[in-house]
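So the structure is just underneath, and the comments pick up after that.
Throughout, residue positions are numbered sequentially from 1 according to the sequence presented. Note that the coordinates shown come from a computational prediction; the quantities given were computed from them, not determined experimentally.
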Amino acid sequence: MTTTETQPAPYFTSPREITLGTVVFDRDDDMVGVAREVHGITVTLERPTGRTWDVLYSRLRPGTEREERQLHALAKLQRDRMRGLS
C-alpha cells in the first residue's frame, strides 16, 4: 500500500449508511460493485459488465480509491469491448 492509499473504511452497521451509486466491496464474493438498490438488509450490486447480485449489507464495506479506479478501468474495458476495440 502506498502512502497515498487509504485503509478500507469500516464495515457498514446499517443499510441506511449505503448511498446508491457508491462503490462498495463485497467480502463474500471478494469483488467490487456499485450499490444499485437496497431491499431491507439486502443490497443489489452491479458490475460494469452488467452482472448483478444481492448481498447482505453487513458483508459490505465502502470501496477504496484504488478499488473505485479499478471499477472505472473495468467499465472502460467493457465499453471498448462492446465497440469491438478489444
Side-chain angles (χ1 to χ4, degrees):
M1 185 176 299
T2 66
T3 56
T4 59
E5 184 66 32
T6 58
Q7 290 283 12
Y11 297 99
F12 295 106
T13 58
S14 166
R16 291 185 294 273
E17 296 176 346
I18 300 171
T19 304
L20 300 183
T22 59
V23 174
V24 294
F25 181 82
D26 176 0
R27 293 190 285 172
D28 292 337
D29 281 345
D30 197 30
M31 199 164 18
V32 179
V34 176
R36 291 295 179 214
E37 294 183 68
V38 178
H39 311 279
I41 62 170
T42 304
V43 181
T44 300
L45 303 183
E46 182 178 21
R47 299 269 291 179
T49 58
R51 178 184 190 263
T52 61
W53 72 103
D54 294 328
V55 62
L56 293 175
Y57 81 89
S58 60
R59 303 302 297 165
L60 298 173
R61 67 163 168 75
T64 63
E65 291 176 21
R66 180 174 188 231
E67 290 163 342
E68 188 169 348
R69 287 191 308 268
Q70 289 173 330
L71 205 58
H72 288 297
L74 179 59
K76 181 183 180 317
L77 177 62
Q78 181 67 14
R79 284 192 306 273
D80 289 349
R81 284 181 176 166
M82 295 301 289
R83 289 192 307 234
L85 299 177
S86 298

Would Arg27 and Tyr11 count as a cation-pi pair here, with the cationic atom under 6.0 angstrom from the ring centre and within 45° of the axis?
yes

With a 4.0 Å cut-off, would you call Arg47 and Asp29 a salt bridge?
no

What pair of heavy atoms forms the shortest contact from Pro10 to Pro62, and how long is it?
O-CD, 3.3 Å

Tell me yes or no: between the side chains of Glu17 and Thr13, is some donor less than 3.5 Å from an acceptor?
yes

Any chain of hydrophobic side-chain contacts (each under 4.5 Å) joining Phe25 to Met31?
no

Are Leu74 and Val24 connected in a single hydrophobic cluster, I mean Ile/Leu/Val/Met/Phe/Trp/Tyr linked by side-chain heavy atoms less than 4.5 Å apart?
no

Do Val32 and Leu45 land in one hydrophobic cluster if side-chain heavy atoms of ILVMFWY residues count as linked below 4.5 Å?
no

Which value, rounded to the nearest 0.5 Å, describes the distance between Gln78 atom CD and Thr49 atom OG1?
6.0 Å

Evaluate the side-chain proximity of Val55 to Thr42: yes if any heavy-atom separation is below 4.5 Å, no if none is.
no

Which atoms form the tightest heavy-atom contact between Pro48 and Ala75, and what is the distance?
CB-CA, 3.4 Å

Please report the C-alpha distance between His72 and Arg69 in whole Å, then the side-chain angles of each, then the deciding distance to 0.1 Å, and finally whether the side-chain contact (heavy atoms from CB on, under 4.5 Å) criterion is met.
CA-CA 5 Å; His72 288 297; Arg69 287 191 308 268; 5.6 Å; no

Ignoring hydrogens and geometry beyond distance, is a side-chain donor-acceptor pair present between Thr44 and Asp54 at under 3.5 Å?
yes

Might you point out which heavy atoms bring Gly33 and Leu71 nearest each other, and give the distance in Å?
C-CD2, 4.1 Å

Name the one of Val43, Val38, Val34 that satisfies side-chain contact (heavy atoms from CB on, under 4.5 Å) with Leu20?
Val38

Salt-bridge contact Arg61-Glu67 (side-chain N to carboxylate O under 4.0 Å):
yes

Show the nearest heavy-atom pair for residues Tyr57 and Phe12, with the distance to one decimal.
CE1-O, 3.9 Å

